[in-house]
Amino acid sequence: LNAQCSQCLESPHMDLCHVPATREKGWYLALMAPNVKGPNYAWLDPSRLYCHPQGLQDCVADLLQPFQGDPIDMVAGIDAMGFILGAATASVLRKGFLAIRKAGHLCVQTVAQPYTDYSGREKVMEVRTDAISPGEPGGCSHFGVEHQALGIHLQPLPPPGLRILLMDQWVETGGTMRAAIELVERLGGVVAGIAAICIENSEGGQWIQQRYKCSHCVPTHLQPRFDHHQ
């Protein structure tokens, strides 16, 4: 895999139909295309990975592996590249998909959160208010019926908010993902996990990994290369 990733950085060409005989975790990282446009662009372009049918499937499967058996109600993806992995993951899980948008695109009621992205630019993201919030109490449980029979009227507690798997393409400084976490939790949702192709060991990346269950695709021995963009 290390040799494959080195080849990726050295050459912009790769057969998108080739599938290795042994598909170890992260084999598809070598599909990512190197930056050929200079320092104003990201060092790698992961979008070519999504063009490879088996690569995309294996990437999603690897991201979901740590969450096997965990309750997940919905997948949320961050504008824009998080939409690809998020929607693909939601389809595999047979769950709904929530788009966390850049501010100014939604024509419904939203909540907004300012943040600083990986490039140091100040931005704002927003999400609709009707998809995550806890539902209204409804129906009568046995608990409620028994107390009504006794003439005691207790207001049942609302159910907890949805458990959200948050996804983005990459977590570099962590500012974008932290803003998404803030939005989910402000709306009463529960962050069931964080998933991205790479979560760098930056200060922000470590903050997220110390507080939430996380999943990424980079093998341990390659993590330093990804942290240093090599």
Side-chain angles (χ1 to χ4, degrees), residues 32 42 44-53 55-57 59-64 66-67 70-119 121-135 159-200 204-205 208 211-217:
M32 298 188 294
L44 280 177
D45 173 29
S47 67
R48 188 168 58 170
L49 185 164
Y50 310 142
C51 299
H52 194 291
L56 177 58
Q57 291 180 52
C59 176
V60 170
D62 286 343
L63 287 174
L64 282 176
F67 303 108
D70 291 2
I72 295 173
D73 300 312
M74 182 181 291
V75 180
I78 300 175
D79 199 345
M81 300 307 288
F83 292 172
I84 300 170
L85 282 176
T89 300
S91 179
V92 170
L93 291 176
R94 305 179 72 87
K95 301 294 182 180
F97 173 74
L98 175 66
I100 299 178
R101 301 297 309 275
K102 293 183 175 73
H105 295 287
L106 291 173
C107 62
V108 296
Q109 186 175 358
T110 62
V111 291
Q113 179 67 33
Y115 67 100
T116 303
D117 73 1
Y118 69 94
S119 67
R121 289 176 290 184
E122 299 293 329
K123 296 183 178 179
V124 179
M125 67 173 60
E126 64 182 1
V127 68
R128 61 188 310 127
T129 60
D130 59 356
I132 299 177
S133 302
L162 297 182
R163 293 182 58 83
I164 308 296
L165 176 59
L166 269 172
M167 303 194 71
D168 203 358
Q169 178 172 265
W170 209 273
V171 176
E172 189 168 335
T173 63
T176 302
M177 185 59 75
R178 286 187 67 169
I181 291 170
E182 177 71 18
L183 285 177
V184 168
E185 294 182 342
R186 281 171 57 191
L187 287 171
V190 176
V191 177
I194 308 290
I197 292 176
C198 177
I199 302 177
E200 295 186 17
I208 291 168
R211 290 164 175 79
Y212 298 92
K213 188 172 185 176
C214 293
S215 176
H216 65 90
C217 303

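Hydrogens, waters and symmetry mates play no part in the numbers below; they use all other heavy atoms, side chains included.
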Using the test side chain to side chain contact (heavy atoms under 4.5 Å, CB included), find all partners of Ala99 that sit at least two apart in sequence or belong to another chain. Phe83, Phe97, Arg101

Could you state the interatomic distance from OG1 (Thr173) to CD (Glu200), rounded to the nearest 0.5 Å? 8.5 Å

If you count every heavy atom of other residues, nucleotides or ligands that lies below 6.0 Å from Arg163 atom CZ, does the total exceed 12? yes

Quick one: does any side-chain atom of Asp79 pair with a main-chain N or O of Lys102 as donor and acceptor, under 3.5 Å? yes

Arg94: which residues meet the side chain to side chain donor-acceptor pair (under 3.5 Å) condition with it, sequence neighbours left out? none

How would you list, by chain and number, every residue that makes a side chain to side chain contact (heavy atoms under 4.5 Å, CB included) with Ala196, sequence neighbours excluded? Val171, Ile199

Could you give the distance from CG (Leu98) to CG (Asp130), rounded to the nearest 0.5 Å? 9.0 Å

Evaluate side chain to side chain contact (heavy atoms under 4.5 Å, CB included) for Ile181 paired with Arg211, printing each intermediate quantity in order. CA-CA 11 Å; Ile181 291 170; Arg211 290 164 175 79; over 6 Å; no

For His52, ring pair (Phe, Tyr, Trp, His ring centres under 6.0 Å) partners two or more places apart: Trp27

dist Ile197:CD1 -> Leu63:CG (nearest 0.5 Å) comes out at 7.5 Å

Test of understanding: with side chain to side chain donor-acceptor pair (under 3.5 Å), list the residues that count as partners of Thr129, not counting sequence neighbours. none

Between Phe67 and Ala195, the two heavy atoms sitting closest are CE1-CB, 4.4 Å

What pairs with Asp73 under side chain to side chain donor-acceptor pair (under 3.5 Å), at least two apart in sequence or on another chain? none

Compare every heavy atom of Tyr115 with every heavy atom of Gly175, then report the nearest pair and how far apart it is. O-CB, 3.8 Å

Shortest non-hydrogen contact from Leu165 toward Ala192: N-CB, 4.4 Å

Pairing residues for Ile84 by the side chain to side chain contact (heavy atoms under 4.5 Å, CB included) criterion, not counting sequence neighbours: Tyr50, Met81

Search all heavy atoms of Val190 against all heavy atoms of Gly161 and return the closest pair with its distance. CG2-O, 4.2 Å

Of all heavy-atom pairs linking His216 and Cys198, the shortest is CB-CA, 4.1 Å

Could you tell me if the side chain of Ser215 sits less than 4.5 Å from the side chain of Leu64, heavy atoms only? no

I would like to know whether Thr89 and Lys95 meet side chain to side chain contact (heavy atoms under 4.5 Å, CB included); could you show each step before the answer? CA-CA 8 Å; Thr89 300; Lys95 301 294 182 180; over 6 Å; no

dist Ile194:CD1 -> Met177:CE (nearest 0.5 Å) comes out at 5.0 Å

Does the pair Ile72 and Leu93 meet the rule for a side chain to side chain contact (heavy atoms under 4.5 Å, CB included), with working shown? CA-CA 9 Å; Ile72 295 173; Leu93 291 176; 4.3 Å; yes

Pro66 and Asp62 have their tightest heavy-atom pair at CD-O, 3.5 Å

Applying side chain to side chain contact (heavy atoms under 4.5 Å, CB included) to Ser119 and not counting sequence neighbours gives Asp117, Arg121

Name all pairs fulfilling the side-chain hydrogen bond (donor to acceptor under 3.5 Å, both in side chains) condition that reach into residues 175-197, sequence neighbours left out, sorted by first residue then second. Gln113-Arg186, Glu185-Tyr212

Rounded to the nearest 0.5 Å, how far apart are CG of Leu166 and CD1 of Ile100? 5.0 Å

With sequence neighbours left out, write down each residue that passes side chain to side chain donor-acceptor pair (under 3.5 Å) with Thr110, or none if nothing qualifies. Glu126

